[in-house]
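Working notes, beginning with the structure itself.
Atoms within a ligand are numbered from 1 in the order they appear, just like the ligands themselves.
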Amino acid sequence: MHRTSLLNRVQQSPYCQPMPDLGDALALPCGRTLTNRLMKSALSEGLGTSTGAPTARLGRLYDAWAGGGYGLVVTGNVMVDPRHRGEPGNVAVEDERHLEGLTRWAKGFADSGTPLWMQVNHPGRQSNPLVGRHRPVAPSAVGANVPVAARPRELTDREIHEIVERFAVTAAVAEAAGFDGVQVHGAHGYLVTQFLSPLSNRRTDAWGGDPERRRRFVVEVVRAIRERVAPGFAVGIKLNSADFQRGGFSEEESRDVVAALVAEGIDLVEISGGTYEAPVMFGPDTRRASTREREAYFLEYAASVRAQAGAVPLAVTGGFRTRTAMAAAVADGECDVVGLGRPASAYPHVGRELVDGSRERIELPVVRVGAGRGLVGRVTTLHTVDSALDLSWHTDQLHRIGAGRAPDLDRPWWRTAVRATLRNGPGAFVPKRG
Ligand SMILES: Cc1cc2nc3c(=O)[nH]c(=O)nc-3n(C[C@H](O)[C@H](O)[C@H](O)COP(=O)(O)O)c2cc1C
């Protein structure tokens, strides 16, 4: 922790309040409380049935996390439309047909005392047409700049209103099933970010043309959810700080989105960044010395958005690997909550270990192809392939836990490559999830 910034904070505080600790509870604007400052961030499980229903394997995975000592657990992305799913095994909720399974999922977790939020998502142009058997849709007919990405169809005004409604319906079903809140997926290149970015949103109607119209979609989604659920039900968002592409969604626009969502009654803003065209959410390309950065990738942006967030707490996810860095970020007021993605797949109980101080460092293997730069470079960048492989390796760990087995930290990358190809087909290393 930086001594001077700590000292400044103490001196600036009129009451000299003690600095927050990882183990401290956190009250949200809706009145609910997070039991501590560690959040298990969304990790797409891929453990639903072909019709999008939750399974017993999903329940087993959440049993492991129920004892994990987190202050908040967010599910992997749940699709608001089964025709548009990012990957095989996504849970999809468009009405109450899976209510029984969803209730089992939520109630099975409830005894832990940790709030459970459902992450709700529409993949837009990142949907996998082989899963939903529908052509991907997007704000504009602009394909993602990754190999074999299908060119999406442009949404009509009526369809956009219908998707907004779908988010509200999915949230209402989550509430009925016993979830404590929802988190809108507004990061990593999915539909919300496709509306926000001028690169993917070329519309000139009420949904595009300038930053205010580009953010209308996410504002309407949050507003529709808020209108449909009880005031005490939590509504959060995972938002990109930027999409890290020239001419794309900027940090300045992201700050304006936060201000707009605060006015809509958002409860928690989780900061991430990047898309599968520029997968910075999994870390910088460490092969390039110039991009080797500090442990958590988005802390500086988080500090810069404090003014817009006001009393709404901020979470930062991406790269946190030591207790010291997490505690410093929270004590220093850079963020209120620390999000953990990959660590929670390899160490399901890592929340508890960090809070009680029994773990200082989270060791994760570097999962890399490690060869063939020339060959890979012809179709995509090595960093992109490595990110997809890393993601699949962690998905394998989730599937092991769901099958009642322990994570296998020695799992070789090639085994993951074979499994991912069987699971997702030859496009497995074209990124499409997160
Ligand atoms: C297997 C896997 C699945 C993921 N699924 C999601 C998801 O469904 N929704 C989401 O917002 N982020 C998803 N992410 C991104 C993580 O939530 C997190 O932002 C990212 O892994 C960086 O945090 P970390 O360094 O703690 O892993 C996923 C990441 C992995 C590895």
Quick one: which ligand 1 atoms are inside 4.0 Å of a heavy atom on [X]?
{"X": "Asn77", "value": "8 (O)"}
{"X": "Leu340", "value": "26 (O)"}
{"X": "His188", "value": "12 (N), 15 (C), 19 (O)"}
{"X": "Gly341", "value": "24 (P), 26 (O), 27 (O)"}
{"X": "Thr317", "value": "18 (C), 19 (O), 23 (O)"}

Part of [X] within contact of ligand 1 (heavy atoms, under 4.0 Å):
{"X": "Arg321", "value": "side chain"}
{"X": "Met281", "value": "backbone"}
{"X": "Pro343", "value": "side chain"}
{"X": "Leu43", "value": "both"}

Proximity flag Phe282 to ligand 1, non-hydrogen atoms under 4.0 Å: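 Heavy atoms of Phe282 do come under 4.0 Å of ligand 1.
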Hey, is Glu45 one of the residues with a heavy atom under 4.0 angstrom from ligand 1? no
Polar contacts were defined as any N/O atom of the residue lying under 3.5 Å from an N/O atom of the ligand; does this apply to [X] and ligand 1?
{"X": "Gly319", "value": "yes"}
{"X": "Ala42", "value": "yes"}
{"X": "Ser44", "value": "yes"}
{"X": "Ser41", "value": "no"}
{"X": "Thr395", "value": "no"}
{"X": "Lys238", "value": "yes"}
{"X": "His394", "value": "no"}

Do [X] and [Y] meet the criterion of a side-chain donor-acceptor pair at a distance under 3.5 Å?
{"X": "Glu270", "Y": "Ser41", "answer": "yes"}
{"X": "Thr322", "Y": "Thr324", "answer": "no"}
{"X": "Thr170", "Y": "Glu94", "answer": "no"}
{"X": "Ser272", "Y": "His188", "answer": "yes"}

Can you confirm whether or not the ring centre of Trp207 sits under 6.0 Å from the ring centre of His161?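 Between His161 and Trp207, which both carry aromatic rings, the centre distance is below 6.0 Å.
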For the rings on Phe179 and Trp117, is their centre-to-centre separation under 6.0 Å? no
Is any side-chain heavy atom of Arg415 closer than 4.5 Å to a side-chain heavy atom of Arg419?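 SC-SC contact between Arg415 and Arg419 ruled out.
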Heavy-atom check, side chain of Pro343 versus side chain of Arg321, under 4.5 Å: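 Result yes, sub-4.5 Å side-chain heavy-atom pair found.
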Exercise: identify the closest heavy-atom pair between Gly76 and Lys40: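 The pair with the smallest heavy-atom distance is N-NZ, 4.5 Å.
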Output a table of donor-acceptor pairs, distance under 3.5 Å, between side-chain atoms of residues 65-75 and any protein atom two or more places apart or on a different chain; print 'none' if there are none.
| residue | atom | partner | partner atom | Å |
| --- | --- | --- | --- | --- |
| Trp65 | NE1 | Ala344 | O | 2.9 |
| Tyr70 | OH | Pro348 | O | 2.7 |
| Thr75 | OG1 | Gln119 | N | 2.9 |

Is it the case that Arg216 places NZ or CZ above or below the six-membered ring of Phe195, under 6.0 angstrom from the centre and within 45 degrees of the axis?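 Checked: cation-pi criterion not met.
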